[in-house]
Protein chains: 2
Amino acid sequence: MAVKKPSIHDIAKAAGVGVGTVSRVLNERPNVAEATRVKVESVMEQLGYRPTFAARHIRTGRSQLFGFLTDQVTTTPFAHDLIKGAQARARQADRMLMVIDADGDDRVREQAVANLIERGVEGIVYAAMFHHEVHVPKALHEVPTVLVDCFTLKRDFASVVPDEVRGGREATERLLEEGHRRIAMVTNDALSTGYPAAMGRLEGYKEALAEAGVPFDEALVREGSGNADSGYRWAHDLLDADDPPTAYFFGTDRMAMGAYFAFTEVGLTVPGDVSVVGFDDQHYIADALRPALTTMALPHAAMGRWAIDHLLTAPWGEDRPPPQRRLPCPIVERGSVGRVPASDAGEEP
Amino acid sequence: MAVKKPSIHDIAKAAGVGVGTVSRVLNERPNVAEATRVKVESVMEQLGYRPTFAARHIRTGRSQLFGFLTDQVTTTPFAHDLIKGAQARARQADRMLMVIDADGDDRVREQAVANLIERGVEGIVYAAMFHHEVHVPKALHEVPTVLVDCFTLKRDFASVVPDEVRGGREATERLLEEGHRRIAMVTNDALSTGYPAAMGRLEGYKEALAEAGVPFDEALVREGSGNADSGYRWAHDLLDADDPPTAYFFGTDRMAMGAYFAFTEVGLTVPGDVSVVGFDDQHYIADALRPALTTMALPHAAMGRWAIDHLLTAPWGEDRPPPQRRLPCPIVERGSVGRVPASDAGEEP
DNA sequence: CTGAAAGCGCTTACAG
DNA sequence: CTGAAAGCGCTTACAG
């Protein structure tokens, strides 16, 4: 580190050629004699030459860079999948990712966007850690942007979110498929929050029931809070009913986990006695449960990938309304769903 | 986006000054008349001027950038804390972080390091997702580097890792403190792997016992695999003994979680009948358990912070051996540790 | 306090 | 196929 890094001029001089030629071999351009190419390459090798990206950037105007801004309040296990998905797609296109965690601070957020723009990013993905409406820094309008797991009320940015309704529907269908008719649903949040994740999953549940001709029974629905404790309590509550459910659909894996403890306490076995489907696919929980939990996966990697892909391929600056994309939440089959117990299957055809 | 972004020249012309003056106000340098400053600033405002960072970088030689390379095989919930810690420290110093997930691919890793160097990073943090020995790309020697949660056999890079031994010791001490004497330990991996996390935590357990004058009893130790299933099985196994333990120290929270199910099955209550301490502080598990799990926190954020801090402040290029730092794993008290049951406390003073 | 000029390390036409 | 020159958007002495 003591000696100055060699520049293209040093290479040119040492190789006895002009800088243009060095640039040509560097960029693998045609019209370079094989002999000169070899010569130049060997000199670069010897001198340990590394191109300076900033110079290239300034000349070509291409930063090969995307910004990734996360808007989050608390550490979640999801951030990484999102980043991984985005980065995988970016790498295919030879781009890098500048990741910033604004951690819920508006000032930091504004500053971050400004910094990213000054760095010349080709686009910014603004990712929330759960599906909700957001207010974003105005400067985001200066640069191609896609919102991930969130959206603005005005829908003035491209956005990609999980298809909560469809996820809820498919979770419920999976249970119906096994003959269950008394299926409880514990929402992942109070409905009053208006969060799409809570509303949507419940709506999907209702849709599936309706389609299967199973009457909706309000007595089987509980408003949960998302955490394990809530699942534990509501499971006990539902268990206390005269005619307890044979299947449970929880809006989060954590609630399903709490419910497992409740089932164990009363001597019920999953999936022999009761079937369970979760939501989120937090695999450190879903895999750890006994039996492992069947759950709906939040498409974090896919959303990250979609976001970068959109930045890469969408025509910017046009007037058409930005796409509001919903990605499916695939079911991850593990071991918590089984056939409805024979004694409860009376109403089957 | 249709019009070209204004440069410092455009500002200079519009403000009727030279570019040097614009640069001076941009950098808040002294020796600018108040009137000119105001004038220039208003022009910048009007034209929506943003400095081009790449130009600044190329002139000053400062990239204000660190690389963050993760070497990981599988998604872990820890990556984010590491990144957050690193980024928090970087922001204080007005630096940004370029995050790359090499995902276990050597080619990608090499390429990533090359890219980062070309981007002019001031340093690279190379982070593993669990404490082990690594082989790193040679190019890392070209730039200040610190290894996080890993180390090289040659110890030729600065490194920061969790103090596994001390963590194991303090976990055990916590249990001894409550009068427990028959304390089981389930390691988080086969000892044959040689992983510091498995060896170290067990060693700490032994140290604590020795210091307390409690004879080490091999019958109380099991080699676990880290996952919930393993915890479940070994808990049952230990429970079957003639004189079962009153306390359990698990090398991972996931194993503790499995054990909770075993305890529930046999009607044992935590912490009334048995006490439990975990390791990792995976809070989505630790918080979700009933009662919440007392556990040793892996210092991910602290390691991330330390790494950037070291890059920022250490004198580089000197010959002294790079520091090999161990950071403590603080205990996180939740609700799983209680007094030894009276009937088991016979041997107390 | 301020402007004109040089230069950071590249790429890109333009001649030859 | 190749070299010399201009220029990307800044900062930094250097005169005034």
Side-chain angles (χ1 to χ4, degrees), chain A residues 3-41 43-44 47-65 94 114-122, chain B residues 3-41 43-44 47-65 94 114-122:
Chain A
V3 291
K4 200 173 124 295
K5 292 178 56 178
S7 80
I8 209 174
H9 285 99
D10 302 314
I11 305 301
K13 187 152 26 138
V17 300
V19 293
T21 300
V22 177
S23 177
R24 263 169 241 128
V25 346
L26 210 48
N27 294 288
E28 296 175 3
R29 287 267 158 65
N31 297 336
V32 179
E34 188 50 26
T36 23
R37 152 162 291 124
V38 171
K39 175 65 180 164
V40 170
E41 277 170 351
V43 170
M44 294 200 297
L47 272 58
Y49 173 74
R50 299 264 189 199
T52 298
F53 189 85
R56 187 174 285 179
H57 173 187
I58 214 175
R59 270 301 322 213
T60 63
R62 271 173 270 121
S63 65
Q64 313 264 98
L65 189 64
D94 209 34
N115 283 337
L116 289 172
I117 294 177
E118 294 183 6
R119 296 261 181 183
V121 292
E122 300 176 21
Chain B
V3 291
K4 200 173 124 292
K5 292 178 54 180
S7 80
I8 209 175
H9 285 99
D10 301 314
I11 305 301
K13 186 150 29 136
V17 301
V19 294
T21 301
V22 178
S23 176
R24 262 168 243 129
V25 348
L26 209 48
N27 294 287
E28 295 173 5
R29 286 268 159 63
N31 297 335
V32 179
E34 190 50 26
T36 26
R37 153 163 291 125
V38 171
K39 175 65 180 164
V40 170
E41 276 169 352
V43 171
M44 294 200 297
L47 272 58
Y49 173 74
R50 300 264 189 198
T52 299
F53 189 85
R56 187 173 287 179
H57 173 186
I58 214 174
R59 270 300 324 212
T60 63
R62 270 172 272 121
S63 65
Q64 313 263 97
L65 188 65
D94 209 35
N115 282 337
L116 289 172
I117 294 177
E118 295 183 6
R119 297 262 180 182
V121 292
E122 300 176 22

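All values derive from a computational prediction rather than experimental measurement. So that the names make sense, note that chain A is the first sequence line, chain B the second, and so on, each numbered from 1.
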For a quick check of understanding: with a heavy-atom distance under 4.0 Å over all strands, which category does [X] fall into, base, sugar-phosphate or nothing?
X	answer
P30(A)	nothing
R29(A)	sugar-phosphate
R50(B)	sugar-phosphate

Could you state the interatomic distance from [atom1] ([X]) to [atom2] ([Y]), rounded to the nearest 0.5 Å?
X	Y	atom1	atom2	answer
S63(A)	E118(A)	OG	CD	13.5 Å
R119(A)	Q64(B)	CZ	CD	6.5 Å
E41(B)	L26(B)	CD	CG	9.5 Å
K13(B)	I8(B)	NZ	CD1	13.5 Å
K5(B)	T52(B)	NZ	OG1	4.5 Å

Nucleotide nearest [X] (side chain, heavy atoms from C-beta), chosen from [options]:
X	options	result
V32(B)	dT2(D), dC10(D), dT2(C)	dT2(C)
V19(B)	dC10(C), dA5(C), dC10(D)	dA5(C)
A33(B)	dC1(D), dC1(C), dC10(D)	dC1(C)
L26(A)	dT11(C), dC10(D), dT2(D)	dT11(C)

Whole Å only: how far is the [atom1] atom of [X] from the [atom2] atom of [N]?
X	N	atom1	atom2	result
K13(B)	dG9(D)	NZ	P	12 Å
H9(A)	dG9(C)	NE2	P	9 Å
K5(A)	dC10(C)	NZ	P	8 Å
N31(B)	dG3(C)	CG	P	13 Å
I11(A)	dT11(C)	CD1	P	13 Å
R62(A)	dT12(C)	CZ	P	7 Å
E118(B)	dG9(C)	CD	C1'	13 Å
I8(B)	dG3(C)	CD1	P	12 Å

- Note on the structure: Nearest-nucleotide check on DNA chain C, I58(A) vs G20(B); residue mapping nearer the 5' end is G20(B)
Quick one: is [X] getting a side-chain N or O under 4.0 Å of the [N] phosphate, OP1 or OP2?
X	N	value
S23(B)	dC10(D)	no
T36(A)	dC1(D)	no
N27(A)	dT11(C)	yes
T21(B)	dT2(C)	no

- Locate the shortest heavy-atom distance separating R24(B) from N31(B); write the atom from each residue and the value. CD-O, 4.3 Å
- Note on the structure: Under the rule of Watson-Crick or G-U wobble with both distances under 3.5 Å, where | means paired to another strand and [ ] a crossing pair, DNA chain D maps to |||.||||||||.|||
- Task: Kindly indicate whether the side chain of R59(B) and the base of dG9(D) share any N or O donor-acceptor pair separated by less than 3.5 Å?
- Result: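 Between dG9(D) and R59(B), which were checked side chain against base, a qualifying N/O pair under 3.5 Å is absent.
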- Query: Can you find a donor-acceptor pair, distance only, under 3.5 Å between R24(B) side chain and dG3(C) base?
  - Reply: yes
- Item | The single option from T21(A), V22(A), V17(A) passing side chain to side chain contact (heavy atoms under 4.5 Å, CB included) against I11(A) |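 Of T21(A), V22(A), V17(A), side chain to side chain contact (heavy atoms under 4.5 Å, CB included) with I11(A) is met by V22(A) alone.
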- Report yes or no: does T60(B) contribute a side-chain atom to a donor-acceptor pair with the main-chain N or O of R56(B) at less than 3.5 Å?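 Confirmed, T60(B) side chain pairs with R56(B) backbone.
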